Amino acid sequence: MNITNICCIGAGYVGGPTMAVIAEKCPNIKITVVDLNETRIANWNDEDVNNIPIYEPGLNEIVARTRGKNLFFSTDVDKAIDESQLIFISVNTPTKTYGTGKGMAADLKHIELCARQIAKVAKNNKIVVEKSTLPVRTAEALKSILDNTGNGVQFQILSNPEFLAEGTAIQDLLNPDRVLIGGETSPEGQKAIEALVDVYANWVPRERILKTNVWSSELSKLTANAFLAQRVSSINAMSELCEKTEANINEVAKAIGMDSRIGSKFLKASVGFGGSCFQKDILNLVYISKAFGLNEVADYWEQVIIMNDHQKRRFSKNIVQTLYNTVSGKKITFLGWAFKKDTNDTRESAAIYVADDLINEQAYIALFDPKVSQKQVLSDLDYLETRTASENEKHITSYENPYEACKNAHAVAILTEWDEFKDYDWQKIYDSMLKPAFVFDGRNLLDAEKMKSIGFVYQSIGS
Ligand code: NAD
Ligand code: UDX
């Protein structure tokens, strides 16, 4: 089947960038990205392409070239479903906050709603592609809903998980390590796989397009995220031991990373991993394992999360201890709020939890992040429900200018590794701070020797 019309349900961090790249690489395919969130769609359609809702290097240029030609953003979900041959489901699958599996299982209510809507609207055969990260065997539930509530048309379900990382999404999409497509082994299933392979083959070498059964594809996504997060927790665990032994985590990471069996990537010690995926997907893996009675498997992976929570908590504890066991009434400046550099996404960012701890200790936080608004910061803190919104507002203030944010602070804490932080005039910052001036570098971003020579009491992770 030659695909000429695609719909993507969900205009978020995955749906938006992924469809923009497909549109750029496949000028003959019309792509409509739909979402229930009217503001989000309005922002995607904003005349000024710099106002699109997601900050991702290179994204706005691609949107500028494709939008209105073969890439469209709309709230008319039914129309887009009706017109398309292939539908990506790219909606959010957060951790459940209620009922059975609360705090662990993936909440599949948005996925089910999509399936029911597709079934209701579809008047001809469709390929439905799971782009969202889903528990293994979700395709079974999707198929049951589609087949039992539809208008008698045929649905083929594919699993095509997304491996992009935020901040490098466009590069990851343009040049993926692999594209994974899982489908049924039946002739119809294989035909559907080939139709999607042909879309990606417009720019991805065919040998990098991997075909598997549906269950392997679904489970590979959870496995990849679990392995990646495990590396971060492993290096962070060693960082604490380094601090006790005068070993240096950067040196240890370099030494082990040169072993080709280990590899050098993803060994950066930090204040803890954040982002919308790692924690959610591991908790989901733990939940699934427990559901099958695999308690040792569940406990093994849960430890990755326990270690990460510990790493965030010990960062804030160390700030309090170092500042003479009290931060009450003290101004502490955060540089960075996003969960990593080059994104405006703050979901599960370590900064949120460190701020929460310090506000519990009655600190006043001044914040600068180049891409995150005060509104977002407050909404992240309010979501924790630790205290009232007005208390949060009293204790955290965003600044437009990093130097203003640092003025009269007792300490600066680096929570995100934005490149620009390295180039600041640190002497000027030092001169404007209270003394002794402390820097807690949660990203090992700055030059320790330089910072100490200026006069800072400088502490990083794992040394
Ligand atoms: P997101 O929250 O940014 O976007 C999801 C969008 O879906 C929202 O705008 C929401 O309004 C919309 N939506 C929800 N239900 C809908 C419905 N019934 N009809 C229409 N629109 C609906 O989420 P995201 O970060 O893009 O993640 C989407 C999926 O991709 C998740 O399963 C996630 O685990 C997975 N994933 C995310 C990343 C990442 O880096 N963010 C990477 C790989 C995979
Ligand atoms: C992750 C996966 O990398 C990606 O393949 C998947 O599709 C979605 O989840 P993302 O969460 O966007 O991507 O970013 P990633 O680069 O993986 O970073 C996740 C968190 O780990 C960030 O907070 C980052 O700062 C932290 N991290 C990463 C470290 O602390 N050290 C590292 O060495 C690497």
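Note that ligands are numbered from 1 as they come in the structure, with each ligand's atoms numbered from 1 the same way. Since the model is a prediction, treat every value here as computed from it, not as a measurement.
Interface atoms of ligand 1 facing S276, defined by a heavy-atom separation under 4.0 Å, are 41 (N). Counting atoms of ligand 2 from 1 in the listed order, those under 4.0 Å from a heavy atom of L267 are 33 (O). Applying the 4.0 Å criterion to heavy atoms of R40 picks out, from ligand 1, the atoms 1 (P), 2 (O), 3 (O), 4 (O), 8 (C), 9 (O). Which parts of ligand 2 touch L164 is read off a 4.0 Å heavy-atom cut-off, strictly below it: atoms 4 (C), 5 (O), 6 (C), 7 (O), 8 (C). Numbered from 1 in the order shown, with element, the atoms of ligand 1 that lie under 4.0 Å from a heavy atom of L164 read 40 (O), 42 (C). Ligand 2 places these atoms under 4.0 Å from at least one heavy atom of K221: 6 (C), 7 (O). Close approach of ligand 2 to S270 is summarised as follows: ligand atoms under 4.0 Å from at least one heavy atom of the residue are 29 (C), 30 (O).
From the protein, the heavy atom lying nearest to atom 9 (O) of ligand 2 is C277 CB, 3.5 Å. What sits closest to atom 25 (O) of ligand 2 on the protein, heavy atoms only, is R443 NH1, 2.7 Å. Regarding atom 21 (O) of ligand 2, its nearest protein heavy-atom neighbour is F273 CB, 3.2 Å. Distance from atom 33 (C) of ligand 1 to its nearest protein heavy atom, with residue and atom name: K280 NZ, 3.8 Å. Regarding atom 11 (O) of ligand 1, its nearest protein heavy-atom neighbour is D35 OD1, 2.6 Å. The closest protein non-hydrogen atom to atom 18 (O) of ligand 2 is K340 CD, 4.1 Å. At the shortest separation from atom 27 (N) of ligand 2 among protein heavy atoms lies V232 CG2, 3.9 Å. The protein heavy-atom contact nearest to atom 38 (C) of ligand 1 is V14 CG2, 3.2 Å. Protein heavy atom closest to atom 17 (C) of ligand 1, with residue, atom name and distance, is L36 CD1, 3.5 Å. Protein heavy atom in closest approach to atom 3 (O) of ligand 2: L228 CD1, 3.7 Å. Scanning all protein heavy atoms for the shortest distance to atom 14 (C) of ligand 1 gives N92 OD1, 3.3 Å. The protein atom (non-hydrogen) at minimum distance from atom 19 (C) of ligand 2 is F278 CE1, 3.5 Å. Looking only at protein heavy atoms, the nearest one to atom 28 (C) of ligand 1 is V91 O, 3.4 Å. Looking only at heavy atoms of the protein, atom 44 (C) of ligand 1 is closest to T133 OG1, 3.4 Å. The single protein non-hydrogen atom nearest to atom 40 (O) of ligand 1 is E166 OE2, 3.1 Å, given as residue, atom name and distance.
Residues N284 and L134 approach most closely at ND2-C, 4.4 Å, considering heavy atoms.
Residues F273 and F278 bring their aromatic ring centres within 6.0 Å.
For ligand 2, the polar-atom distance check against G274 finds a nitrogen or oxygen pair separated by under 3.5 Å. Close N/O approach between F339 and ligand 2 is found [any backbone or side-chain N/O within under 3.5 Å]. The distance criterion of under 3.5 Å between nitrogen or oxygen atoms is met by F163 with respect to ligand 2. For a threshold of 3.5 Å applied to N or O pairs, the pair formed by E166 and ligand 2 contains at least one separation below that value.
Proximity of Q117 to ligand 1 is not established, as no heavy-atom distance is less than 4.0 Å.
At a 4.0 Å heavy-atom cut-off, ligand 1 touches R347 through the side chain alone. At a 4.0 Å heavy-atom cut-off, ligand 1 touches C277 through the side chain alone. Residue E348 does not touch ligand 2, judged by heavy-atom distances below 4.0 Å.
Salt-bridge check for E112 with R116: passed, with a basic side-chain N closer than 4.0 Å to an acidic carboxylate O. Between E140 and K143, none of the side-chain N atoms (NZ, or NE/NH1/NH2) sits under 4.0 Å from a carboxylate O, so this pair counts as no salt bridge. A salt bridge does not link K317 with D357: none of the charged nitrogens is closer than 4.0 Å to a carboxylate oxygen. Salt bridge annotation for D177-R208: absent, with no cationic side-chain nitrogen under 4.0 angstrom from a carboxylate oxygen. Ionic pairing of K340 and E417 is not present here: no N-O contact between side-chain nitrogen and carboxylate oxygen is shorter than 4.0 angstrom.
Checking K265, E162, K268 against atom 31 (N) of ligand 2, the nearest heavy atom belongs to K268.
Residue M238 places its CE atom among 12 or fewer non-hydrogen atoms of other residues, nucleotides or ligands, all under 6.0 Å distant.
Classified by interplanar angle (parallel below 30°, tilted 30° to 60°, perpendicular above 60°), the ring pair W44/F73 is parallel.
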